[in-house]
Amino acid sequence: MLRSRHLLGIADLTPDEITLVLDTAEAMTEIAARPIKKVPTLRGRTVVNLFFEPSTRTRTSFEVAEKRLSADTLSIAVAQSSVTKGETLLDTVRNLEAMAPDMIVMRHASSGAPHLLARLCRSAIINAGDGMHEHPTQALLDAFTIREHKKRLAGLKVAIVGDLLHSRVLRSNVQLLNKMGADVWACAPSTLMPAELPRFGVTATASIDDAVAGADVVMMLRIQHERMHGHFIPSTREYFTLFGLTADRVRRAKPDVIIMHPGPMNRGVEIDSDVADGPYSVILEQVTNGVAVRMAVLYLLAGHEAQAD
Amino acid sequence: MKLLLKGGRLIDPAAGRDGEFDLLIEDGRVARIGRSLPAEGAQVFEIQRGWIVAPGLIDIHVHLREPGQEHKETIATGTASAVAGGFTAVACMPNTDPVNDHPGITELILRKAAEAKQARVYPIGAVSLGSRGEQMSELAAQKAAGCVAFTDDGRPVASALLMRRALEYAGMLGVPIVNHCEDPSLKGDGVAHEGFHAARLGLRGIPGVAESIMVERDIALAELTGGPYHVCHMSARQSLRAVRAAKARGLTNVTCEVAPHHFVLTDEALETPIRYDTNVKMNPPLREAADRDAMLEGIADGSVDVIATDHAPHHADEKLVEFDRAPFGIVGLETCVPLVFDRLVHAGRIGVARAIELLSTNPARVFRLPGGTLADGAAADVTILAPDAPVTISAAALRSKSKNTPFDGWRLRGAVAATIVGGDVVYRNDGLQ
C-alpha cells in the first residue's frame with residue numbers, strides 16, 4: 001500500500017514503498033510473458049495521459065501498461081492544443097476532470113507542475129517527468145533493472161554521468177538509490193553540476209575515470225544539444241573526450257558492470273556505440289521493465305483509490 | 001480642526017525626540033508637542049499605554065499597477081492597503097502599462113491618488129523610455145510633473161553607459177537613480193535562488209552575484225559621477241558587502257533598501273511548508289540563510305538605510321500556474337510592520353527608534369521627501385503603533401486587491417493602531433480599540 005494517492009516523486013516514497021513497487025513489478029512481468037497480455041485489474045477506470053512535452057518512450061510505455069491492465073485510456077499531446085491558445089494548465093486539467101478520469105499521467109516542462117495539480121484536482125496524479133525535477137517511474141524502472149541483475153541495491157556503487165544539471169532522471173535516481181543504500185557517484189563537467197551537489201548525498205566528481213572505477217552500475221545521461229547555447233560545454237567533441245563512455249573506460253568498472261541509459265541516446269556524444277550495443281548494456285531491458293514498473297504503479301495507486309473511496 | 005494625540009511614547013529620530021509626549025495637530029500640521037497639553041477645542045485620540053506615536057511610515061518601493069493592470073491593484077486599493085499597513089506615503093514604481101516615462105502618466109497617478117484620499121503617493125519615473133534601457137526619458141519634465149526618483153524597476157539598467165548618464169543627469173536635478181540590480185545574462189531564465197533547494201526542485205537558479213555584480217558596477221559609477229544612487233530590494237550578501245565598503249570610503253551618495261521577505265525568509269520556503277508555492281516566487285529571489293543573516297546584520301549595524309516592501313500585487317489566477325510561469329512578487333504593505341516588530345524589534349536585533357528610522361526617517365531622507373519627522377509645522381502624517389499587540393496575518397483580509405503573500409496565517413507581534421495623513425485619521429485598527 002502506498003501512503004499517497006499520487007506519485008509525484010521519489011522524494012515522497014519510503015524505502016518500503018519502493019520495495020513494494022519493485023516487488024509488484026516483478027509480478028507484473030509475468031503478465032507480459034503470457035500469450036494474452038491482459039488482466040482486468042483496471043477495468044472501468046479511466047486514465048488520461050497528458051503530455052505537455054513530446055515523449056515517445058515514456059508515453060508509449062504508460063499506454064502499454066494501462067492497456068495491459070484493461071484501463072480506458074486517453075492520450076493527449078497538449079503542446080498542439082489549448083495551451084497554445086492561452087488556456088492555463090489548471091483550466092486544461094479541470095476540463096479533463098469534468099470527464100471524470102481516475103488518474104492523470106502527466107509530463108510537463110515545468111518543475112512542480114504535477115504538484116500544483118495534485119493540490120487542486122480530484123484525480124490521482126502520476127508524474128511522468130516534470131521539468132528538471134523528477135521522473136519517478138524512470139528511477140523505479142532503473143532500480144528494478146539493477147535489482148534484476150545484482151539482486152540488491154544496497155552497497156552497490158552506481159555512477160551517474162552526464163548533464164546532471166538539467167536531469168530529472170538524476171534527481172529521482174539519486175533519491176531512490178540513496179534511500180535503498182547504494183553508493184552514488186555523480187559525474188559531469190563543473191558547468192553541468194547542480195548547486196551544492198554533494199548535499200544530494202552523492203560523491204561529486206568531474207573525473208569519469210574515478211566515477212566508473214569499480215562501479216557496479218554506470219548510468220549515462222543524455223547531453224542535451226538544445227542547451228549548448230548556454231556556454232555549458234565548448235563542443236560535443238571535447239565533451240566526448242572528457243566524459244564519453246568508451247570501452248576503455250568500461251574496463252575500469254567491475255567485471256559484471258551494467259551500463260544503463262534512459263534514452264534517447266546520443267551515440268558518440270555521451271556513449272560510444274560499442275558500449276551502447278555491447279555485452280554490458282541493459283538499455284533495452286530498461287525499456288521492457290518500464291512497462292512492468294508502470295503497471296505496478298498504476299495498480300498500487302488504483303488500489304489506494306478504491307480504499308479511499 | 002484640532003486633533004490631540006494624548007499619551008503614548010513619541011519617537012522621532014529626525015528630531016532626536018523619544019519620550020512621553022502629547023501631540024497637537026491643527027489644520028493638518030503639527031502644532032505642538034508637549035506634556036499634558038490642554039484638550040480644549042480638540043478631538044482627543046487617547047493613545048494606549050505602550051503604544052508608539054511615530055512620524056508617518058514611508059514605503060519607497062511599491063507597485064500600484066495603475067494605469068494598465070487594475071485587475072491586480074488600483075491606486076485606491078493600493079493606498080488603502082498602505083494606510084492599513086501604517087504607511088502615510090508610498091513611492092510607486094513606473095512599470096505600469098504604459099510605463100510612467102511621461103509627465104502625463106505622472107499627472108494621472110497623482111490625480112488618482114488625490115481622489116483616493118488615503119496615503120500620499122510619490123511617483124517614480126522611468127529612467128528610460130518604456131524602461132527599455134535604450135533612450136533616457138525626459139527626467140526634468142517628469143520631475144516637474146512630480147516624480148521623486150527614477151528607475152526601470154522590474155528590469156535593471158543594463159547599459160553601464162546609460163546608467164552613467166542617468167546618474168550624471170539626475171544628479172544635476174538632485175533626484176536619485178534607483179536600480180533593480182540584476183545582470184541579465186547571469187539571471188538568464190532563472191526563477192529561484194541558485195542554491196541547494198532550487199537544485200533539488202529542478203528550478204533554474206539566479207545566483208547572488210547576478211545582483212552584486214551590478215551593485216559593484218553602479219557604485220563605481222556613483223563614485224565617478226557623484227549622482228545619488230539607491231540599490232533597490234537588496235538580497236545578496238555580496239551586495240551588502242559592496243554597499244558597506246562604499247559607505248566606509250565615504251560615498252554618501254550610495255544608499256540601499258531591503259524588503260522584509262529578504263530578512264525573514266530563505267529559499268527553504270521553496271520546499272517548506274509546501275513545494276513550489278508561487279507565493280514565494282519573487283525577484284530578487286529568497287536567498288540562503290547566509291544572505292538572510294547578512295541582511296539582518298546590515299539592518300542592525302546601519303549599513304541598510306531603508307526597509308521597503310516591494311509591494312507587488314498579482315491576481316490569484318496569475319499565481320495559480322506552474323512555478324516557472326508565475327509572475328515574480330508578493331504584496332507587502334500590510335505585513336511589513338508586524339514582520340519588522342516581530343523579527344527585528346522583539347527579536348532584540350534593533351530598537352524601536354532604529355525601526356522608525358528605517359521605515360520613516362531614512363526613506364524621507366533618501367528620496368528627499370517631505371515627512372519622516374514630527375517637527376513643529378510639519379505635515380501631520382503620523383503612524384500609531386501597538387508594538388506588543390498580537391497579529392495573525394490573513395491574506396483574505398488584506399485591503400490590497402491581491403492576496404499573494406507567503407505570510408498567510410503567520411502569528412506575529414506588532415500592529416498598526418492608526419494612520420493619520422495630513423491630520424485626518426485614514427485608518428484605525430478597530431480590533432485594538
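From a predicted model like this one, the values you see are computed outputs, not experimental measurements. Naming: A, B, ... by sequence-line order, numbering from 1 per chain.
- In B:Arg244, the CZ atom is crowded: over 12 heavy atoms of neighbouring residues, nucleotides or ligands sit closer than 6.0 Å.
- Scanning all heavy atoms of the two residues, the minimum distance from A:Leu116 to B:Val321 falls at CD2-C, 3.5 Å.
- Only the side chain of A:Arg171 comes within contact range of chain B, judged by heavy atoms closer than 4.5 Å.
- The line from CG of B:Leu201 to OG of A:Ser111 is 7.5 Å long, rounded to the nearest 0.5 Å.
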task = Under the side-chain contact (heavy atoms from CB on, under 4.5 Å) rule, what do B:Arg204 and A:Met132 come out as? Steps first, then yes or no, please.
result = CA-CA 9 Å; B:Arg204 288 173 205 280; A:Met132 309 188 300; 3.7 Å; yes

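- Using a 4.5 Å heavy-atom cut-off against chain B, the contacting residues of residues 176-197 of chain A are A:Pro194, A:Ala195, A:Glu196.
- Heavy-atom neighbours of chain A within the stretch residues 266-296 of chain B, taken at a separation under 4.5 angstrom, comprise B:Ile274, B:Arg275, B:Tyr276, B:Glu288.
- Of the atoms belonging to A:Leu120, it is side-chain heavy atoms, and not backbone ones, that fall under 4.5 Å from chain B.
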